[in-house]
Amino acid sequence: MTALETDFSRVSGASRAFLERAPAHFIDGQFVAAVKGGTIATVDPSSGKPISAIAAGTAEDIDAAVAAAKRALSSSAWAGLAPDGRERLMHRLADLIEENIDAIAEIEILDNGMTANFARNLNVGGSINVLRYMAGWPSKITGRTIPVGLPIPGSKYFAATVHEPVGVVGAIIPWNVPFMMAIWKIAPALAAGCTVVVKPAEDACLSVLKLGELVAKAGFPPGVVNIVTGYGAEAGDALVKHPDVAKISFTGSTVIGKRIGALASGALKKVTLELGGKSPTIVFADAELDRAAAGASDLIFLNSGQVCVAGSRLFVERKALDQVVDAVSKRANSLKIGPGLDPATELGPLVSARQQQRVQSYIEGAKSAGATLVAGGQSIDSGGFYVRPTIAVDVKSDMQVVQEEIFGPVLSVMPFDDLEEVIAMANNTVYGLAATVWTRDLKKMHEIVPRLKCGYVAVNTDAVPHWALPQGGVKQSGVGKDLGAESVDSCLETKTLLVRYD
Ligand code: NAI
Ligand code: MG
């Protein structure tokens, strides 16, 4: 690993021009300057060098964006559009994203540090899938007719439910997969007929501004999608508190999620919170161990561990422990670390110096608490925010490294002897996002799945998000669901209709 400069030779002229233009907020269908002048530097995590700057939005910018979203909500151009019109716009946006996949991926790699493979396939490619899936919903949102009678002789009634858009949705998203997170929040809201104000994360949000360009090009009426950049405590807070925002959809840390949830619920807004996780990967000795080890490794090292469903705790049945630890360590040590712009890179830097320090301090903490590192640990000497893939064994369940969300490439491994023991260990955190189970024993599988306290269990495959599958947690991992039909439902209100016609 050599000290690095940002390698602009791998970036297209169009993407460079986009970085140099540093667009401010996208409000009411166009890019507008911030009301106040502050900016936030955009840093390339592979070099630690600034590459652009974004606007530090304030409550004034949020006010303008929410006003535009509120106007659009009842406009004939949007509210008057038939469901198939919404579907066509969403498909057009998906096509435009596909046409611009290289530019979006380049911007995302430079801003967030992710690998090219992750940027193109999971992040942008996954977003296209989400959008096309959600584009199928507008014409399929249906209520029900309900037979009712009342004890009034001769009276006749018709009753039904209809679904209406909840209103303006405020989406606050994180920096780990910015483009995809924006689409996760925007797509179901649009399918439901809502309008949206997105506040991306200050650590990485250029790709979301690029999305603004494509939203305009796709022909969405002005104000349907608005994007305001800025700090959470300022722009984010103003969005949560805005009286004209009907629903807040947040993905990020549990600490901030609780704060936002309390504020939004206090104002009786709808809330979806996708928060932290400490998801277990459970490997029984009867599993296909090669696949299990590869899956376990992918699930913690994907995007350098900066994914909400990262499998950060690995439980292995004792008789398979050595074999699995060996295989996972080999994979960890063989991952090619480097800047995401290099197509050979398998593990990119973390998003920021702050995140690198945070992860490094968990690794130090694990060492001083008595853990043994069988991979990684040492830091990497370069300007970028790299952390080696790290595997800790000899850990105890009360250690910080086992209990807290690290959001880095750090895996804790623990052996188990029986089903009861591993269920207790797997559930022994405040989180409950996802779990992955590897076994060929159907009975074991059916015994363990209902007893895992989490929102998503995958068996013999990794618990990674899929557009059609609801994604969200229980316990301190959140409230409500992203993706799937549930995410569209969460952007709708039910109106009950009762008609007397005798
Ligand atoms: P964060 O929760 O502070 O940031 C997420 C989003 O919330 C950003 O857009 C931020 O600007 C916004 N925000 C922050 N404070 C706010 C406030 N008071 N009101 C409204 N919006 C606010 O997460 P942060 O600090 O960037 O990362 C810290 C840790 O959080 C990570 O190490 C990781 O453990 C966890 N995290 C988890 C994520 C997940 O998907 N589960 C995603 C991002 C972070
Ligand atoms: Mg923060």
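Order of appearance sets the numbers: ligands from 1, and atoms from 1 within every ligand. Every heavy atom of this structure was used, including side-chain atoms; hydrogens, water molecules and symmetry mates were not. Worth saying up front: this structure is predicted, and the values here are computed from it rather than measured.
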side-chain contact (heavy atoms from CB on, under 4.5 Å) evaluation trace for Met181 with Trp175 = CA-CA 8 Å; Met181 289 295 112; Trp175 41 260; over 6 Å; no
Check Ile260, Thr254, Val255 against Lys258 for a side-chain contact (heavy atoms from CB on, under 4.5 Å) and give me the one that passes.
-> Thr254
Is there any N or O on Glu405 that sits under 3.5 Å from an N or O of ligand 1?
-> yes
Report the part of Leu275 (side chain from C-beta onward, or backbone N, CA, C, O) that has a heavy atom under 4.0 Å from ligand 1; answer both or neither where that applies.
-> backbone
Not counting sequence neighbours, which residues clear salt bridge (charged side-chain N to carboxylate O under 4.0 Å, His left out) with Asp102? List them please.
-> Arg120
Can you sort out which atoms of ligand 1 are near Ile173, meaning under 4.0 Å from one of its heavy atoms?
-> 6 (C), 8 (C), 9 (O)
Can you list the atoms of ligand 1 that are under 4.0 Å from a heavy atom of Ile172?
-> 6 (C), 7 (O), 9 (O), 12 (C), 20 (C), 21 (N)
Does Glu234 come within less than 4.0 Å of Lys36, counting only side-chain N to carboxylate O?
-> no
Carboxylate-amine/guanidinium contact Lys217 Glu213, below 4.0 Å = no
State whether a side-chain donor-acceptor pair under 3.5 Å links Glu60 with Thr58.
-> yes
Can you find a non-hydrogen atom of Gly277 under 4.0 Å from ligand 1?
-> no
What atoms of ligand 1 come within less than 4.0 Å of a heavy atom belonging to Glu202?
-> 10 (C), 11 (O)
Worked check of side-chain hydrogen bond (donor to acceptor under 3.5 Å, both in side chains) between Lys210 and Ser15 = CA-CA 10 Å; Lys210 181 76 188 168; Ser15 298; over 6 Å; no
For Asp237, the atoms of ligand 1 under 4.0 Å from one of its heavy atoms are 19 (N), 20 (C)
Any atoms of ligand 1 less than 4.0 Å from a non-hydrogen atom of Arg259? List them with their elements.
-> 18 (N)
Looking only at distances, please establish whether an N/O atom of ligand 1 is found under 3.5 Å from an N/O atom of Glu274.
-> no
For ligand 1, indicate whether the residue Arg354 contacts it via side chain, backbone, both or neither (heavy-atom separation under 4.0 Å).
-> side chain
NZ (Lys70) with more than 12 external heavy atoms under 6.0 Å = no
Should Asp237 and Arg259 count as an ion pair when the cut-off is N to O under 4.0 Å?
-> yes
Nearest heavy atom to atom 5 (C) of ligand 1: which of Tyr431, Tyr231, Trp175, Phe250 does it belong to?
-> Phe250
Ile260 contact mode with ligand 1 (heavy-atom cut-off under 4.0 Å) | side chain
Go through the side-chain N and O atoms of Glu405 and Tyr431 and say whether any donor and acceptor fall under 3.5 Å apart.
-> no
By number and element, which atoms of ligand 1 are closer than 4.0 Å to a non-hydrogen atom of Pro200?
-> 9 (O)
Counting heavy atoms only, name the option from Gly252, Gly236, Ser253 that's nearest to atom 2 (O) of ligand 1.
-> Ser253
Should you measure from each heavy atom of Pro174, which atoms of ligand 1 turn up under 4.0 Å away?
-> 42 (C), 43 (C)
For Gly276, take its heavy atoms, then give the atoms of ligand 1 lying under 4.0 Å from any of them.
-> 41 (N)
Proximity winner for atom 14 (C) of ligand 1, if only heavy atoms of Ala238, Gly232, Ala310 are counted | Gly232
So the salt bridge (Lys or Arg N to Asp or Glu O under 4.0 Å) pairs with at least one residue in residues 178-188 (sequence neighbours excluded) are Lys185-Asp482
Within reach of ligand 1, part of Gln306 (heavy-atom separation under 4.0 Å) | neither
